[in-house]
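Right, one structure below, let's go through it.
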Amino acid sequence: FPGLADVSISGDIPVEGEITVPVGSNSPDEDYSTLDEPVKDTIMRDLKAVGKKFVHVMYPKKSSALLRDWDLWGPLVLCVSLALMLQGGAADSKDDGGPQFAEVFVIIWFGAVVITLNSKLLGGTISFFQSLCVLGYCVLPLTVAMLVCRLVLLAGSGTISFIIRLIVVVAMFGWSTLASTAFLADSQPPNRKALVVYPIFLFYFVISWMILTFTPQ
Amino acid sequence: MATVDDLKFQEFDDAANLLAANPDATTISIDEPAEVSKKQRGRLQETGREEDDELLGTDDSDKTELLAGQKKSAPFWTFEYYQTFFDVDTYQVLDRIKGSVFPVPGKNFVRLYIRSNPDLYGPFWICATLVFTIAVSGNLSNFFIHLGKPTYHYVPEFRKVSIAATTIYAYAWLVPLALWGFLMWRNSKVMNIVSYSFLEIVCVYGYSLFVYIPTAILWIIPQKVVRWVLMVFSLCLSGSVLVMTFWPAVRDDNRRIALATVAAIVLLHALLAVGCLAYFFDAPELDYPAPIIPAHNGTTVTTKS
């Protein structure tokens, strides 16, 4: 390398300069400091995020908002409301009635964890909590179906109400499965997609079965 | 200035001769034949026909031996170790299910389909599906059987799901454990030619339970004869898969012990089927009740033929 042949370095050149590391903001009114805002703002921001995700589930487009900013508030609210609505006043009866609150809770959360583990073991690239978030949010159509079923059961419990409930639950089951597949399908290896989708189908089928067989005392 | 000879079209010699004349020239080699054969092998795998499976079995048996030695090299506390048990594609799972439902006499399920790649996907999800299928079908069949009675109030019977889950998962994991332990013990006394690993036994048991899923759905039909015919049929199918798998492993042993082992396998399998039928599905009425008209205020009007 002929160009650098005449460069010489002496032994003791002092090195000087300045290194600044941004530790944090000292001024209290920076944009990203949320410590001083009113509590209402904090709560409304989280509620708006949850509401936006509900809208994404009801109209599943290929948006990545559900995956990027995952949260588990929405699934918790949905799971608790579904488990509460499945209590048919069978708390005092000695019959082998419907599922208890704890059983619904465990089925939804344990089922979601098992499906997430299954998809990661098969080589999926989605993260653990993102997958839990998607599966939990896609319970929303089935919660709506449960609400409709309870309202229909208030009117009567004959054959017609059963047919209405059946149609509503089947439609919402299809919606849930399609929504969650739309969000999760891209992160799976291509020749194992069916292996990942089938447990999701089974999961929502079990929840739909619990909703459809709900009978008030 | 180029001469006329230089401008004439040159015949290109063989690459070897050219290289011998001018050893310092840069060479480019294109690897075509290897790529073509890889694509052909992939296509062969996708058709999944049995003779192709046989060909693949002899062709890359050396490769599978090597891979089996290298495969489970990750330590058992890492995630990658467990990923090796889920290294199956959709078509492989479907092939294994097909092999358990249509057992070919004389062909070993483990050698033909599993082939040093046992998976836990099939056993786990087939058991889960079977649990929910039995619970749901039992509930539905009881509903249809007791539909006409005025004292009958429908309950979803959710307790039975946990009972079904315990039974089926215990059968699918504890029986293979016991069988594996037994075979290992006999292996130490009698040198058997064929021996299976624990995961391969779990795999065979898991896939052999698949035929009970359509059987459980068909058990909704409330006719005793139909149910028993279905049970015998499905028991023959899945039992034959098990027998054809385990007979080569015990046949070199003492005759009585071999027969007793195979008989115990079939007996446990039958016990599972009979137990599920008896517990989850109520006995149908002797005379099938004629169609009833349920009135809206809860009373029912029945017409007996």
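Each chain gets a letter, A, B and so on, in the order the sequences are listed, and its residues count up from 1.
Within the 4.5 angstrom heavy-atom criterion, only side-chain atoms of B:Asn139, from C-beta onward, approach chain A. If you measure heavy-atom distances from B:Phe124 to chain A, the contacts under 4.5 Å come from the side chain alone. Looking at A:Leu195, both its backbone and its side chain come within 4.5 Å of chain B, counting heavy atoms on both sides. Of the atoms belonging to A:Leu212, not a single heavy atom falls under 4.5 Å from chain B. Looking at B:Val136, the atoms closer than 4.5 Å to chain A (heavy atoms on both sides) sit in the backbone and in the side chain alike. The part of A:Lys193 that comes within reach of chain B is its backbone (N, CA, C, O), which places non-hydrogen atoms under 4.5 angstrom from that chain.
Counting non-hydrogen atoms of other residues, nucleotides and ligands closer than 6.0 Å to CZ of B:Phe79 gives a total above 12. By the 6.0 Å contact criterion, CH2 on B:Trp180 is open, its count of non-hydrogen atoms from other residues, nucleotides or ligands being 12 or less.
Considering all non-hydrogen atoms of both residues, B:Val88 and A:Arg192 come closest at O-NE, 2.9 Å.
In terms of heavy-atom pairs under 4.5 Å with chain B, the best-connected choice from A:Val196, A:Asn118, A:Val206, A:Leu202 is A:Asn118. In terms of heavy-atom pairs under 4.5 Å with chain A, the best-connected choice from B:Val93, B:Val161, B:Leu94, B:Thr129 is B:Thr129.
Taking CZ from B:Phe158 and CG from A:Leu86, the interatomic distance works out to 9.0 Å, rounded to the nearest 0.5 Å. The CZ atom of B:Phe132 lies 12.5 Å from the CH2 atom of A:Trp209; values are rounded to the nearest 0.5 Å.
At distances below 3.5 Å, at least one donor-acceptor pair connects side-chain atoms of B:Gln83 with backbone N or O atoms of A:Lys120.
Here the side chains of A:Leu121 and B:Tyr121 are not in contact, with every heavy-atom distance at 4.5 Å or above. Side chains of A:Val114 and B:Trp125 form a contact here, defined as non-hydrogen atoms less than 4.5 Å apart.
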